Structures are given as structure tokens and as C-alpha cells.
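Data block below; observations after.
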Amino acid sequence: MEAMAIISIFTLSIFVGFEVVSKVSSTLHTPLMSGANAIHGVILVGAIIVADHSDNSLELGLSLAAIVLATINMVGGFVVTDRMLEMFKGKGAKNKGSGDK
Amino acid sequence: MEAMAIISIFTLSIFVGFEVVSKVSSTLHTPLMSGANAIHGVILVGAIIVADHSDNSLELGLSLAAIVLATINMVGGFVVTDRMLEMFKGKGAKNKGSGDK
Amino acid sequence: MSRFLYELIGLGAGVMFILALKGLSHPRTARRGNLLGAAGATIATITVFFYSSDGQLPLNNLGWILGAIAVGLIIGVPAARRVQMTAMPQLVALFNGVGGGAAALVAIVEYLKLGQSASTTVVIATVFTVIVGSTSFSGSIVTFLKLQELMTTRPVVFAGGRFVIAGTLLATLGCAGWVVTSLGTTPLLVLAGLSLAFGILFVLPVGGADVPIVISLLNAFTGLTVAAGGYVLDSTLLIIAGTLVGASGTILTRLMAEAMGRSLFGTLFGAFTAKPQDSSGTGEDRPVKSGSADDVAILLNYARRVVIVPGFGLAVAQAQHTVRELADLLSAKGIDVAYGIHPVAGRMPGHMNVLLAEANVPYEQLSEMDEVNPTFPQTDVALIIGANDVVNPAAKTTPGCPIYGMPILDVSQAGNVIFLKRSMRPGFAGIENELLYDPKTTLLFGDAKASLTKVVSALKAL
Amino acid sequence: MSRFLYELIGLGAGVMFILALKGLSHPRTARRGNLLGAAGATIATITVFFYSSDGQLPLNNLGWILGAIAVGLIIGVPAARRVQMTAMPQLVALFNGVGGGAAALVAIVEYLKLGQSASTTVVIATVFTVIVGSTSFSGSIVTFLKLQELMTTRPVVFAGGRFVIAGTLLATLGCAGWVVTSLGTTPLLVLAGLSLAFGILFVLPVGGADVPIVISLLNAFTGLTVAAGGYVLDSTLLIIAGTLVGASGTILTRLMAEAMGRSLFGTLFGAFTAKPQDSSGTGEDRPVKSGSADDVAILLNYARRVVIVPGFGLAVAQAQHTVRELADLLSAKGIDVAYGIHPVAGRMPGHMNVLLAEANVPYEQLSEMDEVNPTFPQTDVALIIGANDVVNPAAKTTPGCPIYGMPILDVSQAGNVIFLKRSMRPGFAGIENELLYDPKTTLLFGDAKASLTKVVSALKAL
Ligand SMILES: NC(=O)c1ccc[n+]([C@@H]2O[C@H](COP(=O)([O-])OP(=O)(O)OC[C@H]3O[C@@H](n4cnc5c(N)ncnc54)[C@H](OP(=O)(O)O)[C@@H]3O)[C@@H](O)[C@H]2O)c1
Ligand SMILES: NC(=O)c1ccc[n+]([C@@H]2O[C@H](COP(=O)([O-])OP(=O)(O)OC[C@H]3O[C@@H](n4cnc5c(N)ncnc54)[C@H](OP(=O)(O)O)[C@@H]3O)[C@@H](O)[C@H]2O)c1
């Protein structure tokens, strides 16, 4: 992709990232951090791509290590975030749930 | 630019546009509308580009008409928005201005 | 200038537009935001003179281009500078319309230029720009005419109207297909014509109260055409700027509709569902209680709490300074005074705030609808100055009337209601106001400023 | 699958990440948001198996790849499932670290692959990824060790430490220049080593209270490395996802720092400015007022208003159900009960909310710091259960102590203060709490759950 396109996408993503979380209440700081953390686990995609490219055992070994780490990051991250939020839910469901949807 | 880049830029811009204005108070609806209106006057840039490309009088005539209209949109829009906001300012400066910056 | 630098500056301008919109969303930064937007637009415009895709500088037709810009400045700046506050909304509508027109023209020229070599996606983007740009242009002109009261402000609905509109829309879409397949010039011009007609038909049936919503919607439309134009011209800046306006305009339209208690769907498709209404008004001759300035002064003098409800008539009469004088006088007598500001009082959101701010009315005295409504039962006098629709109980009681469902200021809960207006004529929405005939209502006829001046002297004389 | 479709699906996943972050910012949509993010990540991962830049499918090394994913799942899922609530923060730190490590490894492999053919910008992006990814990896491991209390939770500061850190940073940057100019493998490995060292040195001097802020910061860093990795691999999805996390993580870090009353700058550059502190603690032997469960029950029984202040010890003792029982008992006696929740009580923001929600404590009883602080003067008993730093007046009175400047719960304004803790040991920040020696303080020593159970039976017996 063209350099200019990449710069534009990068710049716009910064604004989206800033705006989207800028009003979060302090109670949600940890789940949000943990969820964002899980999202960057998508580097797994990059790790798979380099594993596909690898043609010697050093490269392959490093890529596979990257895959293991990235999978832990991604899957573990989403699971642990869900567990945290599950605890919050009890409360939400009882007190505010009715206004939902 | 690649189609994919354009689609990405378009998608991200939508999110930025949504997020950026989503909390505006009703008092500012008109100036915001008017300011956004002035911003799309930047089609002036497009009008100048096509005027540069024009090589017959039909094309040139239409481009020049576009330039006139776009200039009115852009310059008039920013000026009228500023006038509106100037009136608000009296109030802001006196009652809330101190908290500024 | 290299293409990279040129585009980088364009992106910078795009970022300035983002920051401009962000600034415009907060009272304290609004003005700075607007100036930032203007700076971004200026930078973008200057830059385009230093880059040409064919590598030749200066630009071809440079003299003509500068001349056209000068013409635009000569028309736009004085119009924006001199316009009365009361006429601003229609000016915004007009500016939006010319922007849409410019986008349509740009697309047409680029289409003529590319001819048979255009790719299908480019042609589709062109067609989109022409349709939406033209619709926005003609639609904005009609809203302008409505707001300027050069034509009726009521919904214009005729028998079978919805079929005509649907037919025009279908014809437009069919013609769009024709353009894409034939790549001819004539189809494109027919398309432009049909779109212009559609824009008119689309806006005609819109009720008065919905006009600002429609302006905002057309504004969002124009944004999208600019984005499509950016695609045709391969300009990242136009894509970003146009999409931003399109997206923020859409959200804004929804927010405005919410603030006025209107359904966006109803507004948009009103055209298809509106029925010709019996809006003749029986020219009623029921009795009303009309009073003198002295009567009004006495009512005010013995009140403990007065709520002033300003409306469009206050702006027409330019009575903002006089009303402030009255309020100061009442406050000095120990009377509790507040202004009840309806979100759509006047002809644009925030109109009353702007007007009263001009007269240095203290910000604390301005109460929004939700704040002031619960206080009416404890209010002795509701003084309605040049307002009508925003206090019209028909919004609650008469399903089917143009303002039905809009939240209103509940002035009928106050002990006494005083109207300052010139006649029994209805307000913008064109409907009777039952409250004028209510036994607790007193009417003081005349221009708001003149009436207020009289009330002030009467009060001083008491 | 065509490249276009592949990238389009990637963009779709990016949009799902945006919506996930948006959802996660609001209590009601948070869980849905997280699931949406998981769905996006799953889609992105599956798609990559159906597209290869060399056009050959299935992917090379497919078996190895699937095996590695399986290993990751076998490690990650049970760890995430089984972890105690109390240990979640360190798990998040660890997950973040491995993500940074993965990004660094990806960049290293791509660098080895590209060799001399890499363009300068790609090499720069690689170097950035390696530095920041490795820093994030080692830094996260250190925060993990601190939170897991496998090492001291206090700032580790040694004489000349700041020079060592500055030196390491300079060496890292120098080495980065070496990599860019020489394009060799050895320099890259040296760079990785230096960055790992820098990560450790960067986090060691951070004080306990600042650990969550640092985790958040490292999280943002990892996001940026993923974005840089996306640039190297030409993946729009990675660029968008990484940048999103980088930007939102930065904002979140700032918000967290604000919520804890910390300066972000101080936290970040604490490493360069921290001085070795006299933190030996004089092992004081001053008298304290220790009471029995009966004493506490009596104090509570005759109170009109009780504020319960839970802290990390409540989580350790898993006493959330018992505390609820006590609160219900008091409420039944007509006593006004509220929980005062400090934003950083426990070991992660929202820790107490999560814990008490688990015990079905009614949401209305939970008061945030700003709400509850003004009510302490009308409070008869402040019952502090396993909290320490969040009520430590040193935050106000002792400039230079690790929590100085953090807003605290003003329990000393209450009529009586009761501490339930096991010993005189300090809290997370490792500093003495003067309030323990205050004449109006009563200490009930023991595990929070055991003590609470005793208090409940004593109350019932009254
Ligand atoms: N705010 C917006 O965004 C916006 C935009 C477009 C349309 N609208 C619509 O405009 C209406 C606003 O309601 P409103 O109550 O403010 O205005 P209104 O319903 O239009 O009523 C204005 C009243 O002022 C009186 N008036 C006019 N000139 C006067 C003068 N010189 N002295 C004294 N009275 C004068 C008129 O009666 P006489 O002729 O008898 O004097 C009229 O009844 C709503 O229908 C709203 O939906 C609002
Ligand atoms: N919330 C966050 O985001 C976060 C993250 C990381 C760090 N921190 C930091 O953690 C601290 C939180 O403050 P805090 O007041 O909640 O906790 P704290 O200051 O760590 O105090 C916890 C107290 O609980 C007592 N305790 C431990 N286990 C117990 C048990 N089983 N029964 C009874 N008492 C027990 C301990 O004393 P004994 O050992 O004498 O029993 C200790 O004094 C702050 O310094 C904060 O900055 C917060």
C-alpha cells in the first residue's frame, strides 16, 4: 500500500482510538485495558504470515514461538476480560438491565 | 490510491465523524451544522483541479461556476459561523471563560 | 511540490477539520474550532496551486481560476457579514446548496473529461455526486425560500404527490443506470435535471418545524458528494473532509430531530406519507382577552416569579435589549425572573441564546426547557414574547398537526399567561394556538419592541 | 481468496475492534463489546489461512502453525479461566508482555527474511517493533513479579540508577542506528537484548501505586509495535488494530493516572528522578488500641451511619459474602450503611466493584470516593476491611512518600475508625499508616473473613 494511504489510516485510527475511549468511567478501566490488550493479540495474524514465509528452522522456530505467545495474548486476554465483566454483570442485570436494548 | 486504502480511509473517517460530534449540546447545533457546511466547501480544491484540467470552454465554464459556488460555500460558511459564535462568546467569556485553557 | 508532500499537507488539513469539528462541539472551544477549520481550508486551497498532476506549473487557466475565486469572495463574504441574525438559517441553507452544486459540477466536468476512459467505479461515483449534489442544491434553495418566507412555510402537499415523488426517484435511478451503461453526455444532463426536480419535490412537503432538520440532512448529503468527488479526483483530503461532514452531519441530524422531538424517519419520508391537510383554519372569531400595557405591568408587578418565553418574534422585533431592561427592572423589585428557552424557539437551534447573549443577559437566567417546565406551577406570570409554536398545546393534544409530538414549554401551568404579538396570526408551523383563547391569557397586541417599551414605562410609573 | 477480499475482511475485523472498544467503554455494553472483539480476532485469524501472498494454499508449515496455536490455547485458556480474581492484574500484565514479545519476534523473523532487500523505512519499523516489543515484554514480566509479590512491591532504586537507565537507553538507540546502517543479524540481536534490559530497568523504580498505570502504558506500547509490524507486513488490519490500541491505551493511561491523582510524567520519568528512599521504617512500637469482636459489634450497633471501606485484604480473605451479611444485619437494625469505594482499592481499578457485585451487594450502596468523602463527618463508624493505602493520610501529609498526592477516603473525619487487618504491616505502597495509631482508631486483628464472622455473631447476640 502507498505510504500516503498508510499514514492516513494511521492518523485516522489514532483519532478513532482517542475518541472511542475518552469518556470511560474508572470502574471500567481494568476491563477496557484488558480488552485492548487482547485486541493487540491479533499480531497472531502477523505471526502466522511469517510462519508461512519461513524457510529455515531458525525462522520457523521464532515464528512458532511468536504464534504461541500471540495466541496466549489473544485468547487469554478475551477470556480473562469476559470473566471480569461477568462479575460486573450480576449488578447490571439486576439494576440497569431493563433499560438495555 | 488503491481501492482498499480508500475504503479504509472512508470507514475510519465515518467513525471519526460520528464520535467527534456525538456529545454536542443543542445550543451548538446550528454553529456546528454551519461549520461542517463550511468544511465541505473544500470541494473548492476539486473545482480548481478540474479547472486546471479543462481544455475546452464548456469544461472551463462549468469549472469556474463550480469555483464560484465552492468559494461562496467555504468562505461564507466560515464567516457566518464565526459571527454566530461571536455572539455566544460574550456569555462564555463572562461566565465560564476563567476555566478556559 | 511532490505528490507526497501535496497529499501530506492535504492530510494535515483533514486533521485540522477533525479538530475543528471537535472544537465546534464544545461551547468554550467552538470559535477556535471554526477558525481552525478555516485555516485548514485556506491551507488546502493554497497548496493546490503548487501541485498539478501533469507537472506543469502554474496551473492552466490560472487567471480565470483566481478571477472565479474573487467573484466567490465578493459574493460570499458580504452576504455572510451583512446578514441579519434572523436570516442566518436560510443563509446556511443557501451556502450548503451552492456547495452541493459545486460538487455536482466538478463531477460533471471530470466526467466530460474522462469520457469513455472512465472506470465503472469512477462513473458510479460521478453519478452519485451528480444526483446527490443536485438534490442538495435544489432542495436547499427551496428551504431557503421557505425560511425567507418567499413561499409558504407550510408543507406543500398535493393529491398524488407521493406518486410523483416516487416516480421522479425511480426515473432518476433509471437514468443513473443509463449513464453508467452508455457513458453519454446527454444522459448525464438529464440525470442532473431529474435530480434537481427530485430535490424540490423532496423538500416541498416538509413541515416548517422540520426545516432545520432537512438543512442538516442536506448538509450531510453534500458532505458525501464531496467524498465521492474526492474518489473521482483521487484526493485523500476530499475523501476525509467529505466523509467527516457526511458522518457528523448524519449524527447531528439525528440529534436535532431528537431535540425537537421529531422522528427522523417521519421527516424524511414525510414526503411519501403526507396527506393534503385541512389547513384552511376556520378563521375563528372567538373572543380573546386583550389588555393594555398598564394591565400587563400590573400583573408583572405583583408577581413573585416571572418566566419570559422568547420566540422568533423577539428576533424580528430586535427587542432583546428591551426585554433585558424589563427583566432587570423586575429583578430590582425582588421578582424572580427566568427565561425559558425552547430548543427550537426562533429559526435555528440556539437562536434565542445568541440573541439574548447579544443583550448581555446573564447566562444563569437562561433555563432550558427541561429545567423550566417543572417550575411553571410556581410561576405567577409566563410572559411570551413573539413565541407561538413552542408554547402551542396542540403539540400535545392534536395528533396529526405539524408539530404534534414536539415537547413544548408548559406555560399553561402558570398563574397568568401574557402574549406579546402583533395579531392573531399563527406561528411558523401555521397552526392555531388554543392558548390564545384561554381565560387566563392576556394578549398585548403590537410589535414586541414597542409593546415592551410601553410595559417598561408603565412599570416605572407604578 | 483474492487479496482484496482478504483485506476487506481484515478491515471488517478492524471495525469490530473499534466497536469492541466503544462497547467496553460503557457498563451495559462492555461484555458484548468484548465478545465482538473476540469475534473479530477469530475471523481475522481464520481468514489468514485462506490467503497467502505467494498464492500457495494451504500455508507452508501448516501443521506446525496449528500445533503452535494449540499450545497457545492450552496455556492461555486455563490460565485465564482458573486465575483467582485477586491475581487478574498480573495475568493481564503477563498477557500484554507475551503480546509484545510476539510482535518483536515477528519483526525479527521478517527482518531475517528480507535481509539486504529491506527498504529503510521497513528497517526502521522493524527496529521500532523490536525495541518497544522487547521493552514491553521484559517490563511486563517485572510488573508481573511485583504484583504477584515474587519480588518487592516497592520502588527498586539504587545509587546511580538513573545513569544506568539513561545509559541503557542511549546504547539501545545507538544500536538501533547500527542495525539500520549495517543490516546485520548480530546487531539486531544485541538490540533485542538491550531493549529487554531497558524494559526491566524502566519498571524497577516504579512505585507500587503506579504499577497499573505502567501496565496500561506498556499495553499502549505493544499496540504501537503491532501497528509497526503491520507496516512491515503490509497488513491494514494490524495497522488499524495496533494504532487503535496504542491511541486508546495512551488515553486510558492518562485517565487512570488522573483517577489515581498521579502525574503521568512523574510515573514515566520516575525512573530518572527517583532517589533511594529511607524506607526501612523504624519498626515502631507505639501503642495502638486493639479491640475484640464484641467491642466492634457494640460500636456498630449504636451507630446511625456506617461506611464500609473495602480494600485488597477483603479480596485476599474472600470476605465479600460475609461483609454483605454484616451490612444486611446493620441495615435491618435501621442503620444507614454505605460502601466507600476508592478508585484504586485492591489491585486493579474496579476491583472492589467486581468483588462486591459477586456477593450481590446492591449497586446503590456503592459510593464513589467523591460522593462518600463529604459524608464522613456525619458518619459514626468507618469500618475499614483489608484496606490501608487508600485511607492513609500520608498521601496528604508526607510529600515524597510513594502515594503522595493520591486522593484518599477521609475516614479520619468519621466518629470512630475500625481497622480489620491481620497485623501492623503496611499496604501495597509499603508505608506506615499513622491512622492506625490514632486515638479514635480500634484495630481488630485477624483474617478479614474470620473477624467479620465473629463480629456478625457478636452483633446477633446483642
Ligand atoms: N429553532 C429552529 O431550529 C427552527 C428552525 C426552523 C423552524 N423552526 C420552527 O420555528 C418555530 C419557532 O417557534 P417560535 O414560537 O419561536 O416562533 P413562531 O411559532 O414562528 O411564532 C412567532 C410569533 O412571533 C410573532 N411575531 C412575529 N414578529 C413579531 C414582532 N415584530 N413583534 C411581536 N411578535 C411578533 C408572530 O405573531 P404575529 O405575526 O401575530 O406577530 C408569531 O406568532 C417552530 O415551529 C420551529 O419548529 C425552528
Ligand atoms: N486498584 C488498582 O488499580 C491498583 C493496582 C495496583 C496497585 N494498587 C495499589 O494497591 C493499593 C490498594 O490499596 P488498598 O488499601 O486496597 O490495599 P493495601 O494498601 O495494599 O492494603 C491492604 C491491607 O489489607 C490487609 N490484608 C491483607 N490480607 C488480609 C486478610 N486476609 N484479612 C485482613 N486484612 C488483610 C493488609 O494488612 P495485613 O497484612 O496487616 O493484614 C494490608 O494492609 C494502593 O497502594 C494502590 O495504589 C492499586
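Chain naming here is simple, since letters A, B, ... match the order of the sequence lines and numbering starts at 1 in each. Computed from a predicted model, the values in this text were never measured in an experiment. Values below: every heavy atom of this structure, side chains too, minus hydrogens, waters and symmetry copies.
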Audit row: A/M74, D/T45, side-chain contact (heavy atoms from CB on, under 4.5 Å) steps and yes/no: CA-CA 10 Å; A/M74 184 169 109; D/T45 308; 3.4 Å; yes
message: Side chains of A/S63 and A/S54 only: does a donor on one sit below 3.5 Å from an acceptor on the other?
response: yes
With A/N37 as partner, the option from A/N73, A/L32, A/T81 fulfilling side-chain contact (heavy atoms from CB on, under 4.5 Å) is A/N73
When the 4.5 angstrom heavy-atom criterion is applied to D/I65 and chain A, the contacting part is both
So, the part of A/I14 with a heavy atom under 4.5 Å from chain D: the answer is both
Turns out that what part of D/I18 lies under 4.5 Å from chain A's heavy atoms comes down to both
Under 4.5 Å to a heavy atom of chain D? For A/L12 that would be neither
For this session: Apply the test side-chain hydrogen bond (donor to acceptor under 3.5 Å, both in side chains) to residues D/Y111 and D/T185: give CA-CA distance (whole Å), side-chain angles for both, the deciding distance (0.1 Å), then the verdict.
Result: CA-CA 8 Å; D/Y111 179 88; D/T185 306; over 6 Å; no
Practice task
Would you kindly say whether D/T243 and A/S13 are connected by a side-chain donor-acceptor distance under 3.5 Å?
Solution key: no
Cut-off 4.5 Å, heavy atoms of chain D, and the answer for A/V42 is both
- Task: Just do the side-chain contact (heavy atoms from CB on, under 4.5 Å) check on D/K113 and A/D55 with the steps written out, would you?
- Result: CA-CA 9 Å; D/K113 206 93 232 86; A/D55 37 30; 3.2 Å; yes
Bottom line for A/I48: the part with an atom under 4.5 Å from chain D's heavy atoms is both
The interface call for D/I240 against chain A, heavy-atom contacts under 4.5 Å, is both
Given the options D/V214, D/I215, D/L218, D/V98, D/S140 meets side-chain contact (heavy atoms from CB on, under 4.5 Å) only with D/L218
Honestly, the part of D/V48 sitting under 4.5 Å from a heavy atom of chain A is side chain
When the 4.5 angstrom heavy-atom criterion is applied to D/L35 and chain A, the contacting part is side chain
Honestly, the part of A/A65 sitting under 4.5 Å from a heavy atom of chain D is both
Assert top hit (heavy-atom pairs under 4.5 Å, partner chain A, pool D/V92, D/N219, D/V106) equals D/N219
Honestly, the part of D/S216 sitting under 4.5 Å from a heavy atom of chain A is both
Applying a strict 4.5 Å limit to non-hydrogen atoms, the region of D/N96 in contact with chain A is both
Okay, D/I108 and chain A: the region with an atom under 4.5 Å from a heavy atom over there is side chain
Under 4.5 Å to a heavy atom of chain A? For D/Q56 that would be neither
Residues passing the ring pair (Phe, Tyr, Trp, His ring centres under 6.0 Å) test with D/Y51, sequence neighbours excluded, are D/Y6
For residues 66-83 of chain D, tabulate all N or O donor-acceptor pairs below 3.5 Å that involve a side-chain atom, not counting sequence neighbours.
none

